[in-house]
Every structure is written in C-alpha cells, then in structure tokens.
There are 2 protein chains.
Amino acid sequence: MQQKWKKFSQTLERCPMFHGLTEDEIMDYLICSKAELKEYSKGQIIISQGEKINKIGILLSGRAEATKIDPYGNAYLAAQVTESHLFADLLAAGEGKESPVTVIATKDSSACMIPWKSVLLRCDKNCHKHDIILENLIKVFSNKFFDLFNRIDCLTARKVEDKVLTLLEKHRKDGENKVILPFDREGMANYLAIDRSALSRELSRMKEKGIIDYNKNEFIIK
Amino acid sequence: MQQKWKKFSQTLERCPMFHGLTEDEIMDYLICSKAELKEYSKGQIIISQGEKINKIGILLSGRAEATKIDPYGNAYLAAQVTESHLFADLLAAGEGKESPVTVIATKDSSACMIPWKSVLLRCDKNCHKHDIILENLIKVFSNKFFDLFNRIDCLTARKVEDKVLTLLEKHRKDGENKVILPFDREGMANYLAIDRSALSRELSRMKEKGIIDYNKNEFIIK
DNA sequence: GGTGGTAGGTTGCAAATGCAACAAAAATGG
DNA sequence: CCATTTTTGTTGCATTTGCAACCTACCACC
C-alpha cells in the first residue's frame with residue numbers, strides 16, 4: 001500500500017527536509033504524517049494566488065513555477081520548483097495567509113503533500129524524526145530568507161550597473177572571478193526588476209568599459 | 001538569582017516567541033535555556049556585519065536598528081528592533097552564515113540572548129514548552145518572510161508611482177481607504193529604494209492627479 | 001541544408017529618475 | 001517665544017531607464 005513512495009525514495013532522500021534520515025525513516029514519516037501523492041499534468045495549477053494553504057509540498061518529479069500576477073495583470077516569475085525541493089512551506093507555516101503566487105506545473109509532475117499540522121505535531125511514539133525534520137525545516141527557512149535578502153540587496157541598488165555588480169558579487173564563490181548565473185537574460189532582468197533591453201544595453205556598456213566580460217550566463221569580473 | 005528577568009516579565013510575555021506561555025513557564029524556559037541578560041548603551045554595536053551569530057535576541061528595553069553598509073560605503077536602514085521583539089533569529093538559524101547587517105542600539109537597551117542550540121534542543125524533562133516555542137518561532141519566520149516578500153513586491157514595480165501604490169495596498173486594512181505608514185519620508189524612500197526628493201515629487205503629482213491624498217505618513221487612497 | 005522559433009543585442013526617443021541645491025514647514029530645546 | 005535642527009517639498013538639469021521596434025545569432029527539427 002505504501003509502495004507509492006518507493007519509486008521516489010531517491011528524490012525524497014535529497015529533499016532538505018529529510019537530511020539525516022534514512023530511507024526507512026522517511027517512509028515511516030510519510031505514513032505517520034498522512035502524506036498524499038498528487039499528480040499534476042503540464043499546465044495544471046497547483047496553487048492559486050490568493051488560496052490558503054495548509055500542506056507543504058515536495059516535488060517528486062517534473063517541474064513547476066511560482067508566478068505572481070500584479071494588479072495590472074503582468075505576470076512575473078517568482079521562483080522555480082525543481083525535483084526534491086520544497087514548496088508552499090513558508091506559506092503553510094503562515095497558517096491562513098493567502099498565497100502571493102500561483103504555482104503551476106510546467107511539466108507533468110508529481111508531488112508529495114504533507115499536512116502542515118502533522119509537520120508541527122509530534123506523534124505518539126514520540127520519535128526523534130520529527131525533531132530532525134523540524135530542525136531541517138528551520139534551516140530551509142533560514143536559507144530562503146537569506147535568498148530573499150540577497151535579492152533585496154540587488155533590488156535596492158539605484159542603477160542597473162550596481163544591480164548587476166551586486167548580483168555578480170552574491171554569486172561569486174570567494175576568490176573566483178568567473179561567475180555563472182542561473183538565469184537567462186530575461187530571467188536576470190526579471191530578478192533585478194529591470195527591462196531586458198536596458199539590461200542588455202548596460203551589460204554591453206560594462207563590457208566596453210572593461211569592468212566585466214561575459215558570454216551567455218557566464219560572467220567574468222575584472 | 002533568576003530575579004533578573006522579573007522586571008521584564010511583561011515585555012517577555014509580549015514576545016511572539018512566548019505566545020501562549022505563562023510568566024512562570026517563560027522564566028523556567030529562560031533558566032533552562034541558559035539565557036543571558038545583556039546591556040547595551042546608546043550607540044553600541046550589538047551585532048557587526050559579517051559576524052557569525054549563534055544566539056537569538058529579544059529586546060527587553062530600549063531600541064535598536066539593523067543597518068546595512070553597501071560596498072560603496074552607504075548605510076541603509078534594514079530594520080527597526082523594538083521592545084519585546086526578536087532579532088538575529090533567522091541569522092542564528094542560519095548557523096554559520098555571516099550577518100548581512102550591523103545591529104546597533106539607538107537607545108540604552110537591554111536584551112535577552114538565548115543560545116540557538118537550546119532553542120532547538122528539547123530538555124530532559126521533555127516539557128511541552130519547547131514545542132510551543134518552536135512553533136511560535138516558525139510563525140515568526142513565516143511572518144518575516146511575508147514581510148520581505150511584500151517589500152520585494154514594492155521594489156519590483158518599475159515606476160515610483162507603482163511602488164507607492166503597491167506599498168499603500170500592502171498596508172491597507174481591507175475596506176479602509178486611510179493608510180498609516182510606519183515611516184517618515186526618508187524611511188519610505190529607503191524602503192522603496194528611491195530618492196527621497198523623487199518620492200516627494202511623485203507624491204505631489206499623485207495628489208494633484210487626485211489618486212491619493214496625504215498628510216505626513218497618513219495617506220488616503222481614492 | 002532549410003526553416004521556424006527563441007534568446008539576445010541594438011537603437012531612437014520620450015519619460016522617469018537621481019542628484020544637488022534650495023525653500024518651506026514643523027519639531028525640538030532651551 | 002525664539003533659535004536651531006530636522007523633516008519635507010520644490011525645481012532644474014543631466015542621466016538613466018523603459019518601451020517599442022527591429023535585427024542577429026543560434027538551436028532544434030524536419
């Protein structure tokens with residue numbers, strides 16, 4: 001009966017929520033927490049903007065995107081959800097807050113949905129798993145927080161050039177001058193909240209000025 | 001000996017981390033978690049940018065500010081810390097991450113510092129307090145996350161007018177047209193990452209266009 | 001090897017913004 | 001109540017940016 005999780009065990013083990021747990025412990029946990037397996041076909045909405053959420057999700061296969069629609073109707077990509085990663089975690093933790101984003105499957109996907117209540121509650125057996133998981137979750141939250149903070153750092157720069165430099169600095173592994181960004185140009189422009197063509201223009205200028213060099217999403221800081 | 005917390009009991013009870021606990025339970029917890037009482041005089045640095053933090057703090061009296069110094073040497077106000085509120089929480093949860101901000105006491109202040117390890121660990125007595133506190137903490141994290149998200153929403157608007165409107169919308173209690181912002185003009189400009197004078201100009205225009213009216217930090221949306 | 005599609009670069013122009021310097025108004029402290 | 005300081009508003013100007021339209025390079029697919 002609980003075989004349904006078996007084929008995803010590798011993916012589940014990679015989920016940061018389960019770091020430090022064995023496959024068996026994870027399986028136990030999923031049963032004890034009444035996790036559900038959900039399937040979504042490409043294009044299907046997983047969470048709607050404005051919806052209230054009480055489950056957290058782990059993407060088991062496929063891919064999803066969180067997009068935000070502003071009051072004027074423009075859609076912005078807010079986040080990518082990839083295999084083995086959590087989504088709706090901070091949302092569920094908000095208990096009653098409305099989702100600021102719409103999450104949509106961009107490929108046929110499956111996800112493990114765990115009721116938030118059972119993430120918080122300890123089970124009768126008083127097993128140690130719950131503690132580890134909560135601790136892991138807190139770590140995840142902290143990381144997401146730092147990510148947002150980093151983005152804000154980029155966004156608060158007043159000029160495109162400064163935004164770009166801040167972004168590069170954030171992705172720079174210490175010492176290295178080569179930086180590989182996880183965006184294409186449009187993604188990068190979106191992340192920095194600037195016009196794509198304005199970004200291209202500025203990148204060209206910066207290259208000409210000799211501050212940076214680049215090729216696609218590979219940048220060199222000089 | 002543990003009388004040192006007594007005079008702050010009111011403040012501690014208001015701390016979101018302790019919601020749902022009685023005064024006695026809080027006192028117990030502070031002892032069991034080896035909390036320390038720290039005093040800071042006005043102007044003193046509580047946390048330095050770049051420092052690694054392993055305690056969370058509750059401001060018991062006074063006031064503090066988190067400021068961020070960018071690579072060009074400009075200082076930005078990142079957050080205000082007021083009585084009974086947590087600080088360094090997500091930082092401590094980051095375990096090993098460097099503080100992106102400097103926290104400085106803007107008045108003579110005192111704070112309760114709790115080792116992060118003891119926030120996570122359950123004590124021998126296996127008391128229920130720890131669970132409540134962890135749960136509260138997660139709620140706090142979620143709230144802070146939404147705050148950041150809201151700010152990003154403001155920052156990603158491409159025009160000053162849209163930034164202002166987004167900000168007002170976020171602070172609007174449903175139905176009401178009157179919005180009271182927790183900033184002065186400079187604070188507001190900082191939050192939105194725009195020039196103060198540009199903000200003033202745009203606010204005047206918006207008033208003239210009849211979209212809003214305002215007086216100090218009190219705004220009316222029409 | 002052609003073809004269609006997509007990502008990225010370029011450019012002109014109008015509009016928006018940063019910046020600096022100053023003016024006005026309000027708060028503060030004697 | 002006056003003097004001083006702080007906060008807020010105003011304005012001119014140079015710069016930056018958004019926007020739209022178009023071009024080019026590259027890639028996948030037949």
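Lettering follows sequence order; numbering is per chain, from 1.
- Taking the six-membered ring wherever Trp is involved, the centroid distance between the rings of A/F141 and B/F145 does not fall below 6.0 Å.
- At D/dG9, one or more side-chain N or O atoms of B/R185 fall inside 4.0 Å of OP1 or OP2 (strictly under the cut-off).
- Rotation axes derived from the C1' atoms of the five outermost pairs at either end of the helix from C/dG1-D/dC30 to C/dG30-D/dC1 lie 50° apart, to the nearest 10°.
- For the atom pair CG (B/L91) and CD1 (B/I56), the distance works out to 11.5 Å, reported to the nearest 0.5 Å.
- Atom NZ in B/K159 sits roughly 10 Å away from atom C1' in D/dT17 (whole-Å rounding).
- Per the geometry, CG belonging to A/L199 stands 11 Å off P belonging to D/dT17, to the nearest Å.
- Candidate nucleotides D/dT8, D/dG18, D/dC13 were compared by shortest atom distance to the side chain of B/R158, and D/dG18 ranks first.
- Using a 4.0 Å heavy-atom distance criterion, A/S204 is classed as a sugar-phosphate-only contact.
- For the pair A/K216 NZ and D/dC26 C1', the interatomic distance rounds to 6 Å; values are reported in whole Å.
- A distance of 11.5 Å separates CD of B/E169 from CG of B/D153, quoted to the nearest 0.5 Å.
- Inter-residue side-chain proximity for A/R185 and A/L203 is flagged as met; some heavy-atom pair is nearer than 4.5 Å.
- When rounded to the nearest whole Å, the span between CG of B/D195 and C1' of D/dT17 equals 15 Å.
- For the pair B/I194 CD1 and D/dT17 P, the computed distance is 15 Å after rounding to whole Å.
- Both B/A198 and B/F183 lie near DNA chain D, and the one whose nearest nucleotide falls closer to the 5' end is B/F183.
- A straight line from CD of A/E161 to C1' of D/dT15 spans 13 Å, rounded to a whole angstrom.
- Along DNA chain C, read 5' to 3', the first and last nucleotides having any atom under 4.0 Å from a heavy atom of chain A are C/dG8 to C/dG18.
- Between the CZ atom of A/R196 and the C1' atom of D/dA20 there is a distance of 11 Å, given to the nearest Å.
- The closest side-chain donor-acceptor pair between A/S61 and A/S110 falls under 3.5 angstrom.
- With sequence neighbours left out, the ring-ring contact (aromatic ring centres under 6.0 Å, His included) criterion links A/F8 to no other residue.
- The distance from the CG atom of B/L30 to the CE atom of B/M113 is 13.0 Å, given to the nearest 0.5 Å.
- Annotation for A/Q10: atom CD does not count as buried by contact number, only 12 or fewer foreign heavy atoms lying within 6.0 Å.
- Around atom CD of A/E186, no more than 12 heavy atoms belonging to other residues, nucleotides or ligands sit under 6.0 Å away.
- Atoms CZ (A/R201) and P (D/dT15) sit 15 Å apart, rounded to a whole Å.
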